[in-house]
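Report on the structure given below.
What you are looking at is a predicted structure, and each value in this text was computed from that prediction instead of being measured. Here is how names work: the chains are called A, B, and so on, in the same order as the sequence lines, proteins then strands, and each is numbered from 1.
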Amino acid sequence: MSDYSRPKGTQDFLPEVQPYWEYVRTIVADLAREYGFERIDTPIFETTELFARGVGDATDIVEKEMYSFEDRGGNPITLRPEFTAGVVRAYIENGLRVQPKPIKLYSIGPIFRHEQPQAGRFRQFHQFNAEIIGTPSPLADLEIMLLAWDLYDRLQFRGLSFQLNSTGCPTCRPRYVDALVAHYHTHQDRICEDCQRRLQRNPLRVLDCKQAQCQPVIAAAPKISEHLCDDCAGHFSELLGYLDALGKPFTLNHRLVRGLDYYTKTVFEVWAEGIGAQAAVCGGGRYDGLIALLGGPETPAVGFAAGLERIIMVMEAQEVPVPPLPTPPVLIAHLGAVTRLEAVRLLAALREAGIGVQIAMSKSLKSQLRQADKAAARWVLILGGDELARGEVTVRDMASGSQQTISREGIVAWISEQLQHPA
RNA sequence: GUGGGCGUGGCCUAAUGGUUAAGGCUCCUGACUGUGACUCAGGCAACUGUGGGUUCAAGUCCCACCGUCCACCCCA
């Protein structure tokens, strides 16, 4: 055993799991492009201040989950705990507001949160993220939700639940929070300790408390949907109208508040089973105030992020089939020092013709064929003393075990022919 | 941060407190010095997570630490 082990909450993605990742990344990227999203890649680390401001001081992420450190110049750095703040920073910094609005951007990459690992929770994990920046239209909310919908649809997921709510805006939310706090004050003695604390710091969070004693208080609490201002209520009902028209099933969840400060109006999550105690496979919503908060012009936006590990865990649980990764169809076997030179020439010639090929590296033909078997090669080209003398190669079909002799000059064309016209 | 379960070769698993810790998988070699998958025969590979303690004797009992898994908080 090595003296070194991977940091807590991180993973080694061995070749055997790569088909899942390749499949998911491909589906996600194809889908995003079909929807008209363009890819943007931002740094995996940013200045700490960006996340502290953007995500919000009172959030769990900023309070206890960030990977923060000082670089050699003494600058406060944080490994990104989510995508949106970095994407918005890039939008402002690169002057993307001069582009036609809205701009639709997606990203795929690693995310870092210093949490205690458990089923479906890692310190380094991966997200697919999509944002529509520059429009207040509920159509943008709809597009983001449809993208999430189609993503899971294309992955053949079953039994998902779409949770939806509106958290209002700076006009109506404070009024609602006041009403909520007032309600809780009349039941102060009946709620759990955590909720006592939430009431001080982040009152909306009392709504997703799971303590039994708090449930009656939550059930009797005022609902934000009944406190929305005209603008927010209109926005929400327009979105619901689109979803109804499309027959998309969703659950209105008054208790869905989400952990980030920047959300306004629409918030949603998608829940799935099969990832331990974790339910959410994706979450998102509208954040009309964030861009101005980070120093940009007043710009409405909406987005979501999906956790790729959780997607893959559900795929495994539901036994969603994934295509195998392609391997080189040809392997060159050789016998003896003199044949090796010709084997290397043949290797180069095949590659020049665009044919996937590798060369055996062990001595005995037996072990070379074993290697071909493990590598799932379709053909082994055997170059021995006899073949070399006659200017030929022996072609072994690994599936059938049958062999034939082809001239050295004609072998590249023969393989190309076979590959173009599969039997 | 808090709580619980579990730590034996790369992986899976065995070993009434008692010799040089056993087996399977994988990998390598060989069974016609030119033929894979099956079979057979060999071989590589573990100071039993780490450090203490109890004992004549510890993989086995006790303690601590570390790691891991699961759960809480919260989320992807």
Does [N] have OP1 or OP2 sitting under 4.0 Å from an N or O in the side chain of [X]?
X: A:K366; N: B:rU35; answer: no
X: A:K363; N: B:rG34; answer: no
X: A:K64; N: B:rG1; answer: no
X: A:R258; N: B:rA76; answer: yes

Any side-chain heavy atom of A:Y20 sitting closer than 4.5 Å to one from A:E316? yes
Flag the pair A:F51 / A:I61 as yes when at least one side-chain heavy-atom distance between them is below 4.5 Å, and no otherwise. no
Base-pairing assignment for [N] (Watson-Crick or G-U wobble, both under 3.5 Å):
N: B:rG30; result: B:rC40
N: B:rG3; result: B:rC70
N: B:rC11; result: B:rG24
N: B:rU50; result: B:rA64
N: B:rG18; result: B:rC56

Rounded interatomic separation in angstrom, taking [atom1] from [X] and [atom2] from [N]:
X: A:M361; N: B:rG36; atom1: CE; atom2: P; answer: 21 Å
X: A:L365; N: B:rU29; atom1: CG; atom2: C1'; answer: 16 Å
X: A:Q368; N: B:rU35; atom1: CD; atom2: P; answer: 12 Å
X: A:I275; N: B:rA76; atom1: CD1; atom2: P; answer: 11 Å
X: A:D194; N: B:rU2; atom1: CG; atom2: C1'; answer: 12 Å
X: A:K374; N: B:rC25; atom1: NZ; atom2: P; answer: 13 Å
X: A:R390; N: B:rG34; atom1: CZ; atom2: P; answer: 15 Å
X: A:D397; N: B:rG36; atom1: CG; atom2: C1'; answer: 12 Å

Identify whether any heavy atom of [X] sits under 4.0 Å from a base atom; if not, whether one sits that close to sugar-phosphate; answer base, sugar-phosphate or nothing.
X: A:I382; value: base
X: A:E309; value: nothing
X: A:Q116; value: base
X: A:E387; value: base
X: A:G120; value: base
X: A:A119; value: sugar-phosphate
X: A:D386; value: base
X: A:A279; value: base

How far does the [atom1] atom of [N] sit from the matching atom of [M], given to the nearest Å?
N: B:rA57; M: B:rU19; atom1: C1'; answer: 12 Å
N: B:rG17; M: B:rU48; atom1: C1'; answer: 15 Å
N: B:rG4; M: B:rG43; atom1: C1'; answer: 43 Å
N: B:rG18; M: B:rA64; atom1: P; answer: 25 Å
N: B:rU8; M: B:rG1; atom1: C1'; answer: 32 Å
N: B:rU13; M: B:rU54; atom1: P; answer: 33 Å
N: B:rC6; M: B:rG59; atom1: C1'; answer: 15 Å
N: B:rG9; M: B:rG23; atom1: C1'; answer: 12 Å

Is there a donor and acceptor pair closer than 3.5 Å between the side chain of [X] and the base of [N]?
X: A:R310; N: B:rC75; value: yes
X: A:R113; N: B:rA76; value: yes
X: A:E115; N: B:rA76; value: yes
X: A:Q403; N: B:rU35; value: yes

If you check the [X] side chain, which of [options] turns out closest?
X: A:P117; options: B:rG34, B:rC69, B:rC75; answer: B:rC69
X: A:Q118; options: B:rC70, B:rC28, B:rA76; answer: B:rC70
X: A:R205; options: B:rC74, B:rG36, B:rU2; answer: B:rC74
X: A:D373; options: B:rA76, B:rA37, B:rC74; answer: B:rA37
X: A:L335; options: B:rG34, B:rC75, B:rG36; answer: B:rG34
X: A:K8; options: B:rG30, B:rG36, B:rU68; answer: B:rU68
X: A:T394; options: B:rG34, B:rU2, B:rA76; answer: B:rG34

Is [X] salt-bridged to [Y], going by a charged N under 4.0 Å from an acidic O?
X: A:E342; Y: A:R408; answer: yes
X: A:R154; Y: A:E34; answer: yes
X: A:R89; Y: A:E46; answer: yes
X: A:R197; Y: A:D194; answer: yes

Write down the atom of A:A333, the atom of A:L365, and the distance for their closest heavy-atom approach. CB-CD1, 3.9 Å
Using the closest heavy atom to pick a nucleotide of RNA chain B for each, name whichever of A:L369 or A:E269 lands nearer the 5' end. A:L369
Pick the closest RNA chain B nucleotide for A:R6 and for A:G283 by heavy atoms, then say which residue is nearer the 5' end. A:R6
Could you check A:T135, A:T299, A:V302 and say which one makes a side-chain contact (heavy atoms from CB on, under 4.5 Å) with A:P102? A:T135
Do A:T266 and A:S166 pair up side chain to side chain, a donor and an acceptor below 3.5 Å, judged on atom types alone? no
